Amino acid sequence: ASQCSSNVGGAGSIHSTPLSARIESYEAGEKKSISDIRRTFCLFVTFDLLFVTLLWIIELNVNGGIQQQLTIEVLKYDYHKSFFDIFLLAVFRFAALILAYAVCKLRHWWAIAITTAITTGFLIVKVILSKLLSQGAFGYLLPIVSFILAWIETWLLDFKVLPQEAGDEIRHLSVQHASDQEPLLYPGRAVSEGQFYSPPESMADSDEDLDDKHDLEKPIV
């Protein structure tokens, strides 16, 4: 009986240990401020802003110095010639996406759909109506880079971040469901092993009982 109890307890521990470990790992992941794949997305959004800013600063230096070009492109802003609005577009994408997916932890694609649609529409109109293409390599480079980075962010969120987080949540719920059903599958685990244990009889006690019985059987004189 004691062997049966130990086997039941061993089987329960075998099944309970992986489940409990997996639940603890998922709960620890949920307690994180942000998931790993979402943090990668936010880093790429930051890279988008920094890269466009770097290209714009290089463009300012190439065309006559930063201070002089800032006066021309910012203070005397001209939609047809200035790259300042492309920089502001990158700032807008960064602020909107970080607020939506890092601060508010949004789990929907509508925020990035809005930023990508605005970026795409603005760049197409600017390339058609402005004179950027006549201003050298940066007239091609800045709009193309801004356009590509915006669509890479859309792809990364829609095909990587949201599906992976949804899969992690489904796996976590399935593990929780399995752990809730585990006591029903192994009810014998809760029974104490001592309830099935019967200690072996002592040989000394048995000898004493035989001697007492023999004394009782002696005739009384």
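These numbers were taken from a predicted model, which means no experiment stands behind them.
Screening residues 67-76 for salt bridge (Lys or Arg N to Asp or Glu O under 4.0 Å) gives no qualifying pairs among residues at least two apart or on separate chains.
Remark: Arg107 CZ to Leu162 CG distance equals 9.0 Å, nearest 0.5 Å. Atoms CG and CG, on Leu149 and Leu156 in that order, are 11.5 Å from each other to the nearest 0.5 Å. To the nearest 0.5 Å, the span separating CG on Asp85 from CZ on Phe122 amounts to 3.5 Å. Separation of atoms CD1 (Ile72) and CD (Gln68) is listed at 5.0 Å; rounding is to 0.5 Å. Once rounded to the nearest 0.5 Å, the distance linking CG of Leu97 with CD1 of Ile112 reads 5.0 Å. Taken to the nearest 0.5 Å, the CH2 atom of Trp56 stands 5.0 Å off from the CG atom of Leu60.
Looking only at distances, a side-chain donor or acceptor of Lys126 sits under 3.5 Å from a matching main-chain atom of Tyr79. Although no hydrogens or angles enter the test, the distance criterion places no donor-acceptor pair under 3.5 Å between the side chain of Ser146 and the main chain of Leu142.
Note on Leu129 and Ile118: same hydrophobic cluster, where clusters join Ile, Leu, Val, Met, Phe, Trp and Tyr whose side-chain heavy atoms are under 4.5 Å apart, directly or indirectly. Leu75 and Ile66 fall into different hydrophobic clusters, where Ile, Leu, Val, Met, Phe, Trp and Tyr side chains are chained together by heavy-atom contacts under 4.5 Å. Hydrophobic clustering (side-chain heavy atoms under 4.5 Å, transitive across Ile, Leu, Val, Met, Phe, Trp, Tyr) keeps Val45 apart from Ile34. Phe47 is connected to Leu89 through a chain of hydrophobic side-chain contacts under 4.5 Å among Ile, Leu, Val, Met, Phe, Trp and Tyr, so both are in one cluster. Val103 and Phe92 fall into different hydrophobic clusters, where Ile, Leu, Val, Met, Phe, Trp and Tyr side chains are chained together by heavy-atom contacts under 4.5 Å.
What you find for Leu132 and Ser82 is that their closest heavy atoms are CD2-O, 4.0 Å. Gly139 and Leu133 make their closest contact through O-CD2, 3.7 Å (heavy atoms, listed as atom of the first residue, atom of the second, distance). Contact between Ile86 and Pro143 at its shortest, heavy atoms only, is CD1-CG, 4.0 Å. Scanning both residues, Ala96 and Thr115, for their nearest heavy atoms gives CB-CG2, 3.7 Å.
Taking the side chain as every heavy atom from C-beta outward, Thr40 and Phe44 never approach each other to under 4.5 Å. Contact annotation: the side chain of Phe83 never approaches that of Leu55 to less than 4.5 Å [non-hydrogen atoms, C-beta and beyond].
Taking the six-membered ring where tryptophan is involved, the planes of Phe147 and Trp151 are tilted, since the angle between them lies from 30° to 60°.
Taking the six-membered ring for Trp, Phe41 and Tyr101 have ring centres closer than 6.0 Å.
For Glu165, the side chain to side chain donor-acceptor pair (under 3.5 Å) partners are Ser35, Arg38, not counting sequence neighbours.
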